[in-house]
Each structure stands twice: as C-alpha cells, then as structure tokens.
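Below you'll find the structure, written out as structure tokens, and then a few comments.
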Amino acid sequence: GPYIFKGSTTKFSDSDFGILKDSIKDSLKSKDITDDELDSLVFSDYLSYTSPMDSASLYFIIAAILLIIVSILFIPVMLKNTKALKKLENYSNGDLQSALNQIDNEIGLEGVYKANPVTITKSYIIVDTQPIVLAMPLKELMWTYKNIVRNKAYGVVTVNKVSNLVLTFSDGSQYKISINKNKQNIDEILNYIGENCKRTLVGYSAELGNLFKRKPQEFIRQWRESKECQE
C-alpha cells in the first residue's frame, strides 16, 4: 500500500548540495549529461521527515501545561471540600448518610433561609459556591463575621475589594466564603444568624480575633461555657 510522509521542505546547505551533485555526477559519468541538465534534475530542497511522535509533541506539551494549571486550580479546592465533608461526618458521629438525608429533607421544608450562596435550614448551614461546598450543623457554628480584603496597586490605590463571609466552627475550622456579586447578602446573612442562632457569635472584634489566632482552644472553651451555648 501507499506510504505518506509528513514533514517540511528544507533547503540543502551549499556544501551538502555540492556533495550531492558531485555524487550524482559520479554515478552518471557513463551517461551523456551536461552540468546544466544535471542542475535541472537535482532539487535544492528536501523533505525533512517528521515522525508521528514529533508531530504530537506540541499537543503533549500543551496537554501537560493544561493539566498543571488544572491541578493548581482545582486540587486545593477538592482537598478543602473533602475535608469539609469529613468534618460533617465527624459531627454526625460517623453516620454521614444520615446527615445528608436530614439535609435533603430540611431543604424542602418551609421557612428555609436562602441568600446565595448560603442556605440555612432548621439544623444546618449550607454553602454552595464554585470554590467551596460545605454543610455543617448550625449548632456548631461558633463565630461568623464579614471580612473585606482591599487589593491595592503599588500599595496605594485600591483596585478592588473582596468581601468574605467568615464561618468558624466548634472544631476550630474556618472558611472564608467570597460573596462579591451581592455584597449586601453578607449583612443580611449575618443579621439572620444573629436573630435566629443564639449560640453563634456574630461580628468581628480585635479581642475575639486575637484570642482565636493565639489561643484557639481557649476561644472554643469559652464559647462552649458561655450562656449562649447552653442547651
């Protein structure tokens, strides 16, 4: 059958082209052929053959770069979501399926609070964003507040502000939920939690921030022993 060769045309160097013509002249010396006729028969270009692997190498490189980018972007997200799911299992005494069934049932009930991307049912607070998806028992929500990060150009001019809803749970885990499309949602969510979740500390203060940063276990102990946390 036929063979297909792929590659690119490349010119011989002057030295290589001279050697080629001399070799052809030697092989044809017994035939009556002039130098001009020989020059018209010999091509100065040749096909530089490209193997299938060489042809695909660029695509392999692009695929590898994309894989690295995807890994950098999504592996941390997957790990964070996996840890959040594991913490829900811990809060459920290892019975994760029972907790998931309860969440599904409560989402369909009346009176469920929804303010994208947060949903608050009778027993759970649920977050559904592209970077983080979690569901935690509402009674374990220890502390929540609004955090605003200002990104500045050259350390002077504010180019944008990122608004975060910070959720801190009784095992010390903390999640920053970015809510930039509707910044008013954060205030509404905090107001709802403050009115309906008496166990939760709402709002940031330097005293609370320093205590949680330096002595998180002491923070948790004081929260558990406070009047708001009594059953």
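- Summarising the geometry, atom NZ belonging to K83 is positioned 13.0 Å from atom CE belonging to M78; distances are rounded to the nearest 0.5 Å.
- Residues S123 and Q102 meet the side-chain proximity criterion, which asks for heavy atoms closer than 4.5 Å.
- Linking Ile, Leu, Val, Met, Phe, Trp and Tyr residues whenever their side-chain heavy atoms come within less than 4.5 Å places Y175 and V118 in a single cluster.
- Residues M136 and A84 share a closest heavy-atom pair of CE-O, 3.5 Å.
- In this structure, W223 contributes its side chain and R199 its backbone to a donor-acceptor pair below 3.5 Å.
- Distance check: L165 CG to L190 CG gives 5.5 Å after rounding to the nearest 0.5 Å.
- Proximity of T10 to D45: side-chain heavy atoms (C-beta onward) are nowhere separated by under 4.5 Å.
- If you take CG on D16 and NZ on K11, they are separated by 13.5 Å, rounding to the nearest 0.5 Å.
- The only option from I186, N147, T129, D128 that meets the side-chain contact (heavy atoms from CB on, under 4.5 Å) definition with I177 turns out to be T129.
- Under the 4.5 Å side-chain heavy-atom criterion for ILVMFWY residues, a single connected hydrophobic cluster contains both Y204 and L201.
- Within the 4.5 Å cutoff, the side chain of Q222 has heavy atoms near those of the L211 side chain.
- At distances below 3.5 Å, at least one donor-acceptor pair connects side-chain atoms of D171 with backbone N or O atoms of S173.
- Judged by distance alone, the side chain of T200 and the main-chain N or O of W143 form no donor-acceptor pair under 3.5 Å.
- Tracing side-chain contacts under 4.5 Å through hydrophobic residues (I, L, V, M, F, W, Y), one never reaches L96 starting from L134; they form parts of separate clusters.
- Side chain of N81 to backbone of V133: a donor-acceptor contact under 3.5 angstrom is found.
- Atom CE in M142 sits 8.0 Å away from atom CD in Q174 (nearest 0.5 Å).
- In terms of heavy-atom proximity, S163 sits nearest to I148 at OG-CG1, 4.2 Å.
- With contacts defined as side-chain heavy-atom distances shorter than 4.5 Å, the pair I193/I120 qualifies.
- Of the inter-residue distances, the one linking K215 atom NZ with I220 atom CD1 reads 14.0 Å to the nearest 0.5 angstrom.
- Without hydrogens or angle criteria, N191 side chain to D187 main chain gives a donor-acceptor distance under 3.5 Å.
- The structure places CD1 of I179 at 8.0 Å from CG of N116, a figure rounded to the nearest 0.5 Å.
- S98 places no side-chain N or O within donor-acceptor distance of the main-chain N or O of D95, the cut-off being under 3.5 Å.
- The shortest distance between side-chain heavy atoms of I103 and N105 does not fall below 4.5 Å.
- Aromatic ring orientation, F212 versus F219: perpendicular (interplanar angle above 60°, classes split at 30° and 60°).
- Of all the heavy atoms in A135 and I126, the pair that sits closest is CB-CG1, 4.0 Å.
- Looking only at side-chain heavy atoms (C-beta outward), T144 and T168 stay at 4.5 Å or farther from each other.
- Put simply, the side chain of T121 does not reach to within 4.5 Å of the side chain of L109, judged on heavy atoms.
- Both V202 and V127 sit in one connected hydrophobic cluster of ILVMFWY residues. Membership requires side-chain heavy atoms under 4.5 Å apart, directly or through other members.
- Between F169 and L141, the closest side-chain pair of non-hydrogen atoms falls below 4.5 Å.
- Legend: ring pair (Phe, Tyr, Trp, His ring centres under 6.0 Å) pairs involving residues 97-125, not counting sequence neighbours, sorted by first then second residue: Y113-Y192.
- I125 is not connected to L88 by any chain of hydrophobic side-chain contacts under 4.5 Å among Ile, Leu, Val, Met, Phe, Trp and Tyr, and they are in different clusters.
- No side-chain donor-acceptor contact under 3.5 Å links E140 to the backbone of Y91.
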